[in-house]
Amino acid sequence: MQTITSYIHHIQQQSNNTQAKQLFAEYEAFPIPTKRLEDWKFKDTQDWFTSLYTFTPPSKITQQQLDAAIESLQFDALLVFENGLYHNSFSRPNSIASAITNDFEADIPHCTNKFECASLIGAQSGAAIHVAAKHEKQHVLIVSFFQGNQSYSLQKNRIYVHADSHIIITELQISLSDEPIRINHSVSIKCMQKSSCEYTSVQHLGSKTELIQTISCLQEQESTCTISNFPISGAYVRTNVYVDKIAPHSHAFLHGFFFPAAQEHFETYVEAIHNAPECETHQLYQGIAKDTGIGVFSGKLHVAREAQKTNTTQNNKNILLSKTAKIHSKPQLEIYADDVSCTHGSTTGQIDNEALWYMQTRGISREAATKLLLKGFITDVISKVSNESVKNAIMKALENKL
Amino acid sequence: MEHPSWAHINLPPIDYQSISYYAQPSDKAKYESLDEVEPEILETFNKLGIPLEEQKILAGVAVDAVIDSVSVHTQFRDKLEKMGILFCSFSEAARDYPDLVKKYLGSVVPYTDNYYAALNSAVFSDGSFVYIPKNVRCPMELSTYFRINAINTGQFERTLIIAEDNSYVSYLEGCTAPMRDENQLHAAVVELIALDNAEIKYSTVQNWYPGNKEGKGGIYNFVTKRGLCKGNGSKILWTQVETGSAVTWKYPSTILKGNNSVSEFYSVAVTNNFQQADTGTKMIHIGKNTKSTIISKGISLGKSSNAYRGLVRIAKTAENARNFSQCDSLLIGSQCAAHTFPYIDVHNNTAIVEHEATTSKIADDQIFYCNQRGLKTEDAIALIVNGFAKEVLNKLPLEFAMEAHKLIAISMEGSVG
């Protein structure tokens, strides 16, 4: 048992890699997030740094557990991880998808937060997806399992999509027990010219499992990147999405649906940075909160002076189903260029009583009508996922929650 | 307390030791006659259509005690006193009505509220005090404009307005004329209290010295303004036109405590050259069936930066609360910046909260259309901008609205070409 800082300090001392040393310096430079910091004010994450954890506990998963998790899903390659370590016997890698072998790569991007630094240094493994130029579209499924009392897992996925190629990636994060588990995960995506990447992240976590993940994407000219996140269950799930556009005509579609119930607390922080002209970003985040669930959405759009002719939309719609649920929404725009069209909208409310009444007059019970309306609300976001089997699985999981 | 750093503005550290915390309002005139006043200022006065006598007062020219505006002022005061309305400077209020001051001062903005509120509470020397008794509708727009002696109340001003049950008051602050004040830092505090079914309308037009074209000098305007809808069915309306100051940092807010209370916020902020503005509002819904509306229009020109920062909080107790916010930004020129930072916290499932914002520039075809009809590009832009801000300007009292239209046109001068 040790703290995360001592764990990664040990790793960076052992490796003679300058990259690790540099990352550790970056890690040290970030302050420990406290509730006093604007971006971390809704949840105290101090104990991620102060408590003692077991890192990479031994493997325990069985074939049945894996089969249950991937039951109806279709895929071209499968990568299985447990507590951040690659599971050779269960995985079905192919020419483009395998596990990270060499520890540090030459072009690790700059970290955006302390958690990302920690996972980049401390993670032993993760998915390495390298799509060669003009490769046809495939669906890669990553399944990550977590278990172990007071365990702390680190994982990093690295995705590199060459010019003119396309990829769809779905990641399932599943905790197998109700013990306190911490997961720190980072994903870095690089999209080259005219490539496209769709990344969907789904969490099925236990009632004491907390997860913080950072998905960052660097976009080259005319690339398209779609990032969706669907926290289905878990004590605390925070997804940070960073999209950085460095060349013109790159487009991003960012979606997410959060449905905190009981004591759950789901957060999504999005930052889209436009550094090149004629790019588009379209964000759609929706949420339903019930019981004492807390949902947080913070979206930031940064348009640099050079990024003229930028076109962006940002939509956040929320529904509160109980008096004790909370929604915090903060859609932000930061614009330094004048020839742009940027809009954002945020609404928080409840189910339309008139629509309910309309359905009741047509013989649908109030309960069924409510479900129908909420289902329609969820479908808005889910329909953005292109793989049918993934789409149906997420829909089913969210419907169960209703 | 530490100096807050969250605002989206850049400013050099302020030397709090070098500020003079009390300046006796000087009786001595700055100029002997209007001829000595800088022609640039007089030109602006003329463009705004300010009467000659008022021009003298505003520019600080020695004024004979019997001129019209002073007698008008006393005449008004008599009329107000007959109705029981108290409208005086803060020092008079503290002397004559200590009970009211003791009861309400600091009840909306406590001295612990923020850095500048603490500074103001510690050092403020004067300001305005308004008290409207029960069932009284104030027949005229109360304004600091009439109270000549209050013009130089200094940089730490305090305003307290109390509206008793079923009363109404409209209060105007500032004026359209450019104020060449020497003070670098203004940290004022404004407190409004509306009791049952009372209505307070608070309008601000601010045109303090924004610094020169290179961004040197100019006033820092750090104001804490907050209203409390204490009674049921009370209403507070904020209207502001911000064109001056080098740095503006103000968030007129309302705490909707009484059931069925209503608050509206209308703002136009124009920034030019090197001006920076971080402004917006806070609407805190506590009572049942409370409603708030936020309309904010930001116009950035030159190398300025204009940010909207607003909070809408629906507390657990605020059943059926309703909020609508709209924040539009207009960018003119490629060097300026516009930002929107709305915070929406909803803790009640019966509330409906909506927020929308757009950022864009003036479409070329609109300008072309105006050009085609013989308008110069500069006039066309002024026309379009006035149309953009119309929704807010219409909320101003009539004579103010006229001047505000001209003021926006003047603030934009020389930036388009």
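Below, read A as the first sequence line, B as the second, and so on, with proteins coming before strands; counting in each chain starts at 1.
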Among [options], single out the residue with the greatest number of heavy-atom pairs under 4.5 Å to chain A.
options                            : result
A307(B), G333(B), S360(B)          : G333(B)
D328(B), I344(B), L331(B)          : I344(B)
L330(B), V353(B), N348(B), V312(B) : V353(B)
R309(B), R313(B), Q326(B), E356(B) : E356(B)

> So which part of Q314(A) gets closer than 4.5 Å to some heavy atom of chain B, the side chain, the backbone, both or neither?
Replying inline: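 For Q314(A), neither part sits under 4.5 Å from chain B.
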> What part of S346(A) lies closer than 4.5 angstrom to a heavy atom of chain B: side chain, backbone, both or neither?
Replying inline: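 For S346(A), the contact with chain B is made by backbone and side chain together.
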>> Quick one: does any side-chain atom of H339(B) pair with a main-chain N or O of I335(A) as donor and acceptor, under 3.5 Å?
In response: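 Here the side-chain-to-backbone pair exists.
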Report, as yes or no, whether the 6.0 Å neighbourhood of atom [atom1] on [X] holds more than 12 heavy atoms from other residues, nucleotides or ligands.
X       : atom1 : value
K282(B) : NZ    : no
K390(B) : NZ    : no
K291(B) : NZ    : no
K401(A) : NZ    : yes
K290(A) : NZ    : yes
Q46(A)  : CD    : yes
Q372(B) : CD    : yes

To the nearest 0.5 Å, what is the distance between [atom1] on [X] and [atom2] on [Y]?
X       : Y       : atom1 : atom2 : answer
K326(A) : I314(B) : NZ    : CD1   : 14.0 Å
N323(B) : T348(A) : CG    : OG1   : 9.5 Å
H347(B) : T324(A) : NE2   : OG1   : 11.5 Å
L321(A) : N349(B) : CG    : CG    : 7.5 Å
K323(A) : T350(B) : NZ    : OG1   : 5.5 Å
Q332(A) : F341(B) : CD    : CZ    : 6.0 Å

> Is there side-chain contact between S329(A) and H355(B), with at least one heavy-atom pair below 4.5 Å?
Replying inline: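 Side chain of S329(A) against side chain of H355(B), heavy atoms only: no contact under 4.5 Å found.
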> Does the side chain of I352(B) reach to within under 4.5 Å of the side chain of Q350(A), using non-hydrogen atoms?
Replying inline: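 Yes, at least one pair of side-chain atoms sits under 4.5 Å.
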> Is it the side chain or the backbone of A351(B) that comes within 4.5 Å of chain A heavy atoms, both, or neither?
Replying inline: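 Contact with chain A involves the backbone of A351(B) alone.
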